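Here the structure is a predicted model, which is why all the values come from computation and not from measurement.
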Amino acid sequence: FWVYLTGTSFNQLNVTLLTGNQIERATLQRIHYQSMTNWTKVDIEIGRVDVPFQIALDSRRVTTFGWVAVDDT
């Protein structure tokens, strides 16, 4: 996916793999906010998953300033 983040480095975007009715969670990557001037492509390899799963994006903001935009193209 593509991401465009801005804010302080204390803020973060978490990419999580959810399985087993969202009970089992595995954080795949944490992306700390930084001031970006362009969209950035993020590639995450999840390997083989033999059960139904979902990928969750969760943005955590420690300070009041910061935003995130995500695109799949």
Side-chain angles (χ1 to χ4, degrees):
F1 62 94
W2 292 82
V3 65
Y4 193 29
L5 303 166
T6 188
T8 66
S9 62
F10 295 110
N11 300 335
Q12 66 186 18
L13 173 68
N14 299 312
V15 182
T16 306
L17 177 72
L18 305 174
T19 60
N21 293 327
Q22 300 179 6
I23 296 172
E24 300 174 36
R25 303 173 69 96
T27 300
L28 300 174
Q29 186 167 357
R30 286 191 173 102
I31 304 164
H32 292 278
Y33 285 30
Q34 56 186 333
S35 293
M36 294 182 173
T37 57
N38 293 309
W39 286 87
T40 301
K41 186 174 183 184
V42 178
D43 292 312
I44 300 173
E45 293 187 30
I46 62 170
R48 183 180 176 134
V49 181
D50 292 331
V51 296
F53 68 91
Q54 295 177 325
I55 302 293
L57 302 176
D58 175 19
S59 178
R60 306 268 173 161
R61 200 172 55 177
V62 177
T63 62
T64 57
F65 175 73
W67 53 267
V68 58
V70 176
D71 195 355
D72 64 350
T73 57

Query raised in the report: To the nearest 0.5 Å, what is the distance between CH2 (W2) and CG (D72)?
Result: 12.0 Å

Query - D50: partners by salt bridge (Lys or Arg N to Asp or Glu O under 4.0 Å), with sequence neighbours left out - result: R48

Report task. Could you tell me which residues satisfy side-chain hydrogen bond (donor to acceptor under 3.5 Å, both in side chains) with D43, sequence neighbours excluded, listed by chain and number? Result -> none

Requested in this report: Output, in order, the C-alpha distance, side-chain angles, deciding distance and verdict of side-chain contact (heavy atoms from CB on, under 4.5 Å) for I55 and T16.
Outcome: CA-CA 6 Å; I55 302 293; T16 306; over 6 Å; no

Query raised in the report: Taking the side chain as C-beta and beyond, is there a heavy-atom pair between D71 and W39 under 4.5 Å?
Result: yes

Report task. Could I get the full list of side chain to side chain contact (heavy atoms under 4.5 Å, CB included) partners for V49, not counting sequence neighbours? Result -> L17, T19, I46, V51, F53

Query raised in the report: Which atom names give the shortest non-hydrogen contact between F1 and V15, and what distance separates them?
Result: CZ-CG2, 3.9 Å

